[in-house]
Structures are given as C-alpha cells and as structure tokens.
There are 2 protein chains.
Amino acid sequence: MPLNNPTLETPVTTADKVFDSILHAIVDGEIVSGSKISEPELAKHYQISRSTLREALNRLEKCHLIERKANVGSRVVECSIESLLEIYIVRESLEGMACRQAALHMSDNEIDDMKAMLEQHACAQDLKDGVAYYQEEGDLDFHYKVILGSHNQQLINILCGQLYHLVRMYRCQFGMNSPRAYRAFNEHSRIIEAISERDGELAELLMRRHIAASRKNIEAKILLSLSESKIDSAQ
Amino acid sequence: MPLNNPTLETPVTTADKVFDSILHAIVDGEIVSGSKISEPELAKHYQISRSTLREALNRLEKCHLIERKANVGSRVVECSIESLLEIYIVRESLEGMACRQAALHMSDNEIDDMKAMLEQHACAQDLKDGVAYYQEEGDLDFHYKVILGSHNQQLINILCGQLYHLVRMYRCQFGMNSPRAYRAFNEHSRIIEAISERDGELAELLMRRHIAASRKNIEAKILLSLSESKIDSAQ
DNA sequence: TGGCACAAGATTGTCGACAATTTATTTCGA
DNA sequence: TCGAAATAAATTGTCGACAATCTTGTGCCA
C-alpha cells in the first residue's frame with residue numbers, strides 16, 4: 001500500500017480512510033465503473049454521515065475517479081478504450097518529461113536505488129511466478145521512482161496524485177497482463193542507463209517509446225478482439 | 001469570463017459561485033499567496049455556512065490553488081520561482097503533446113477559427129494599446145484553443161481544469177507582461193501553420209520551443225533581477 | 001393510446017451545533 | 001528568567017436536520 005502511495009501521508013481523518021476504501025473498491029471494480037453513487041446508501045454502508053462521505057467523494061473527484069453534476073449526483077467514471085488511450089497519450093508526454101528531468105536532477109543514490117530495484121526485478125523475472133509480480137507492482141514501482149526522481153512537484157502531483165489511480169483501475173478492470181514483460185524489462189534497463197548517463201534527451205525519448213509501445217500494444221489487442229467479435233457475430 | 005472557462009459550465013450552486021469568487025480573489029492576489037485561510041472568517045465574509053465554504057475550498061484544492069493539512073487547515077499556495085518554472089516544464093510537455101494531437105484531430109473548421117483569431121490578434125497588435133490585450137487574453141485564448149483542439153479529454157481536464165488557473169495566478173502576481181509579444185505572435189503563426197498541414201511532429205516541436213522560450217525568458221529575467229539586487233545591496 | 005401537467009418521492013445542497021484536534025496562553029518549578 | 005506541563009481558546013472534523021432540486025409515478029385530456 002505505501003509502495004503505491006509514496007507521496008500521500010497516512011490517512012488520519014475518517015474521511016481519509018473512507019476515501020482509501022472507496023478508492024480501492026473502485027480500482028478493483030467492486031464498485032462498477034459507470035455506476036451511479038448513492039450518497040445515503042454509501043454513507044450507511046460505511047457507518048458515517050453524508051458530510052464525511054462527501055468529503056471522501058471530493059477527493060475521489062480530484063483523482064478523476066468519479067464525476068459530479070450539480071443537483072444530480074456522482075458517477076464512477078466510465079471505463080472506455082478511448083479514455084484509456086487518452087491516458088496513455090498524457091502519460092507518454094508527462095512521464096517522458098519526468099524522465100528527462102530525472103536524468104537531470106536525480107541524485108546518485110536514487111539512481112543506485114533504481115539499479116538495485118531493476119536487478120531485483122530481473123531475479124523475480126527468472127522465477128516464472130514472479131512475472132505477474134513484476135508486471136503488477138514492479139512496473140508501477142519503476143515508473144513511480146522515475147516520476148519522483150524528476151524532483152518536479154507539479155509533475156509528481158499530477159502523475160502520482162491523480163493519474164496513477166486511473167492507471168491502476170484500468171489495469172485491474174481490463175486485466176492488462178500483457179506479454180510485454182521481458183520487453184518492458186529491457187526498456188526499463190535502457191531508460192535507467194540513459195538517466196545514469198545524465199542524457200535527458202535520450203531518457204525522454206526512450207520513456208516515450210516505452211509508453212507508446214504499451215499503447216500500441218493495447219490498440220493492436222483491441223483491433224484483434226474487434227475483428228474476432230466480427231467473425232463471431234458472422235457465424 | 002467564459003473565454004477563460006470554455007470547459008466549465010456556468011456556476012449553479014452557491015458553492016460554485018463562492019468558488020469562482022475566491023478563485024478570482026486568489027488569482028488577482030487579493031488573497032495573498034501563502035496566507036492561511038480561516039474557514040469561519042471566509043464563511044462570514046461570503047455569508048455562507050462553513051459546509052458550503054468547505055465545498056468551495058475542495059474545488060480550489062483541485063486546482064492546486066490551496067493546500068490542506070488534516071486538522072490544521074488550508075493555505076493559499078506559495079508563489080515561488082521554482083514552482084513557476086516547474087509549471088512551465090509541465091506545460092512544455094503537455095501542451096506540446098496537445099499540439100501534436102490537435103494537428104491530428106482538429107477539424108478544418110476549428111483550424112479556420114484559429115486562423116481567424118490570429119488575424120484578429122494581428123490587427124489588435126497594430127493598435128499599440130492592443131498589445132496588452134494580446135498578451136493577456138489573446139495568448140491564453142490561443143493556448144486554450146490548441147488544447148481543446150487536441151480532443152483529448154484527459155489533456156483538457158488537466159490543462160484547462162487545473163493548471164491554467166495557476167498560470168493565470170502567476171501572470172497576475174508576477175506581472176508577466178514580457179516583451180515577447182511580437183515574437184510570440186510569430187511563433188503562434190508557425191504553430192497554426194504546422195497544425196494546418198497536419199504535421200503533428202513539427203507542431204509539438206514548435207509548441208515546446210514556444211513554451212520553453214517563455215520559460216527561459218523568465219529564467220533570464222530572474223537572473224537579471226538577482227544580479228541587480230546584488231548590486232543594489234552592494235551599494 | 002400517446003403525451004403533457006401535476007404531485008409524490010427521493011436525492012442533493014446547505015445549515016447550525018457538537019466533538020476532536022491543534023494552537024495559544026498561563027502557571028509552575030528549576 | 002527560562003522551559004515545560006497544564007489549561008484555555010480557537011480551529012477543524014463530523015453529525016443530523018431542513019431546504020432546494022431533480023426524478024419517478026399518476027392522472028387527465030386531446
């Protein structure tokens with residue numbers, strides 16, 4: 001849990017805890033994406049007042065996990081392919097820049113940490129059951145560390161504070177355990193290398209390619225499943 | 001006002017209106033940056049309850065205009081050079097990508113609109129008193145239209161929904177009416193040209209240079225004023 | 001039968017009060 | 001006199017109730 005939230009301090013108020021609970025529920029799909037949120041119902045479920053619940057909902061809205069309309073109510077965001085691809089576009093741009101900044105501003109210690117982490121991932125990857133781990137947490141950890149390494153608070157806020165909850169949601173809901181694991185690992189290695197050599201331009205380029213490759217992988221999958229469903233419906 | 005908020009619907013609830021008021025007050029510096037916000041005081045000032053005020057504060061927090069700590073309270077964000085430069089880094093990255101997407105996805109009508117707007121700016125620039133207008137609203141309009149032209153809702157949310165309030169705040173507080181007006185106009189022209197030719201790569205490159213130039217302009221100014229203050233304090 | 005107006009129900013927005021926590025002040029001892 | 005502990009004041013977090021708005025269901029009329 002703290003690995004997923006290196007920037008957020010531990011929840012202290014009850015609204016914080018409820019926020020964490022609902023966040024988890026939405027990310028894991030327990031609360032169906034696109035569904036309407038009933039304030040009285042949820043408040044009763046968590047044994048809290050509506051005021052406290054609304055406080056939690058406000059934070060969820062900050063993460064773009066729910067949307068509110070005045071006098072109408074809140075809905076969990078709709079998971080769509082279009083939206084997922086849009087997120088990848090944003091990530092390509094922002095994480096690319098974060099990677100460039102990381103190459104410029106990361107401390108030597110931070111870089112050593114990342115190298116150590118990658119070696120650990122390499123080991124975990126040998127153990128075949130570790131592949132899943134790598135793809136789930138390991139990949140997120142890598143991206144998190146690069147983002148934090150940018151030392152740019154605005155970048156960190158946007159990426160870690162809001163966008164990554166969306167990313168995790170899509171990963172869970174669409175079951176995105178792509179066969180890109182070993183390729184991703186190699187790409188991660190090269191990125192760290194570029195950062196290590198303080199080559200910001202190359203680091204940005206590699207990170208953008210890395211994320212664009214994921215996006216294209218998804219697009220290809222979608223197209224495939226679309227054509228398959230066409231065949232299915234044609235039979 | 002609607003020009004500055006093309007994505008936000010008109011305020012309907014009282015919390016919305018108070019949000020707009022406080023937003024304006026913070027952007028214009030009436031509420032000093034870095035100052036603590038007293039909930040009882042502000043609530044009394046706007047003649048509303050604390051609940052409603054807190055609702056408004058939550059939206060301000062979404063725009064990164066105020067920061068809250070549990071059991072302590074809210075503060076208006078501190079205006080610092082470091083933070084301003086960080087924002088420019090984010091803008092360079094995001095608006096660059098938005099510009100690339102705009103080149104790919106803008107409709108011909110939208111492009112014609114932008115060209116018309118730029119011609120209007122050219123006229124306004126001839127009238128010397130129009131220069132101020134151009135720099136203030138005109139520049140923002142240009143960037144807004146490119147962002148909207150990306151047709152990427154995630155990009156639009158981040159840039160128009162939150163980041164641009166910060167940008168406007170810094171413009172007001174630091175009185176950033178730089179002598180880059182005519183240069184900026186030419187850069188805008190070339191960007192639209194690239195978009196018009198559907199050259200996404202070039203459009204992104206030009207937008208990134210355009211924003212980077214602004215950033216470097218600020219950095220140079222800062223260095224200059226620093227050395228001047230050194231001379232001043234040496235006398 | 002279809003569509004519109006109206007009323008009933010449910011949901012969201014707003015309010016004031018109380019509880020929990022933090023901050024400021026006072027008091028006591030070294 | 002200075003520092004620390006205890007107390008008082010102020011501020012934030014949470015609660016339940018009421019008002020305003022939207023949604024649903026009913027009945028009337030063409």
Side-chain angles (χ1 to χ4, degrees), chain A residues 5 8-26 30-78 161, chain B residues 5 8-26 30-78 161:
Chain A
N5 272 331
L8 259 58
E9 54 270 16
T10 53
V12 37
T13 178
T14 64
D16 283 328
K17 294 169 196 162
V18 173
F19 162 72
D20 278 357
S21 293
I22 304 181
L23 172 68
H24 201 274
I26 291 179
E30 294 166 27
I31 300 180
V32 186
S33 93
S35 64
K36 177 152 173 30
I37 286 178
S38 162
E39 290 185 5
E41 190 182 317
L42 260 189
K44 202 175 70 182
H45 179 267
Y46 286 104
Q47 306 270 36
I48 56 174
S49 79
R50 267 186 58 230
S51 315
T52 306
L53 177 72
R54 282 164 69 86
E55 186 70 35
L57 291 184
N58 270 317
R59 291 177 215 182
L60 289 168
E61 200 184 359
K62 253 174 258 170
C63 307
H64 299 264
L65 284 173
I66 71 173
E67 287 166 348
R68 279 174 67 189
K69 258 191 287 189
N71 288 317
V72 173
S74 313
R75 305 195 78 90
V76 182
V77 289
E78 196 83 49
Chain B
N5 271 333
L8 258 60
E9 54 270 15
T10 54
V12 39
T13 179
T14 63
D16 284 327
K17 294 169 195 162
V18 173
F19 162 73
D20 279 356
S21 294
I22 304 180
L23 172 68
H24 201 273
I26 290 179
E30 293 166 26
I31 300 180
V32 186
S33 93
S35 64
K36 177 151 174 28
I37 287 178
S38 161
E39 290 185 6
E41 191 182 317
L42 260 188
K44 201 176 70 181
H45 180 267
Y46 285 105
Q47 306 269 37
I48 56 174
S49 79
R50 266 184 59 226
S51 314
T52 306
L53 177 72
R54 281 163 69 86
E55 185 70 36
L57 292 184
N58 270 316
R59 293 178 212 183
L60 290 168
E61 199 185 358
K62 256 173 254 173
C63 307
H64 299 262
L65 284 173
I66 71 173
E67 288 166 347
R68 279 174 66 190
K69 259 191 285 188
N71 288 317
V72 173
S74 315
R75 306 195 77 89
V76 182
V77 289
E78 195 83 50

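Looking at heavy-atom distances under 4.0 Å, B:L57 makes no contact with the nucleic acid at all. Among the heavy atoms of the strands, none lies under 4.0 Å from A:L53.
The nearest whole Å value for the distance from the CZ atom in B:R68 to the C1' atom in C:dT21 is 15 Å. The nearest whole Å value for the distance from the CG atom in A:D16 to the P atom in C:dT21 is 13 Å. A straight line from CD of A:E41 to P of C:dA10 spans 14 Å, rounded to a whole angstrom. As a whole-Å value, the separation of A:Y46 OH from D:dC15 P is 15 Å. Here the P atom of nucleotide D:dT14 and the CG atom of B:N58 are 12 Å apart, to the nearest Å. Rounded to an integer number of Å, the gap from A:E55 CD to D:dT12 C1' is 10 Å. Per the geometry, NZ belonging to A:K44 stands 10 Å off P belonging to C:dT11, to the nearest Å. Atom CZ in B:R54 sits about 9 Å away from atom C1' in D:dT14, given to the nearest Å.
Checked for salt-bridge contact, A:R75 and A:E67 miss the test: no charged N lies under 4.0 Å from a carboxylate O. Under the 4.0 Å criterion applied to side-chain N and carboxylate O atoms, B:K62 and B:E55 are not assigned as salt-bridge partners.
Map B:V72 and A:N71 each onto its nearest nucleotide of DNA chain C; the residue landing nearer the 5' end is A:N71. In terms of position along DNA chain D, the nucleotide closest to B:E39 lies nearer the 5' end than the nucleotide closest to the other residue of the pair B:E39 and B:S51.
Atom NZ of A:K36 sits in a crowded spot, with more than 12 heavy atoms from other residues, nucleotides or ligands closer than 6.0 Å.
Phosphate contact (OP1/OP2 of C:dC15, side-chain N/O of B:T52, threshold under 4.0 Å): present. Side-chain nitrogen and oxygen atoms of A:T14 include at least one within less than 4.0 Å of the OP1 or OP2 phosphate oxygen of D:dT14. Checking the phosphate oxygens (OP1, OP2) of D:dT12, a side-chain nitrogen or oxygen of B:K36 falls inside 4.0 Å. For the OP1/OP2 pair of D:dT12 and a distance below 4.0 Å, the side-chain nitrogens and oxygens of B:R50 include no atom meeting the criterion.
Between the side chains of A:R59 and B:N58, no donor N or O sits under 3.5 Å from an acceptor N or O.
Formation of a donor-acceptor pair under 3.5 Å by the B:D16 side chain with backbone atoms of B:T13 is found in this model.
The A:P40 side chain lies nearest to C:dT12 when the options are D:dT23, C:dT12, D:dT14.
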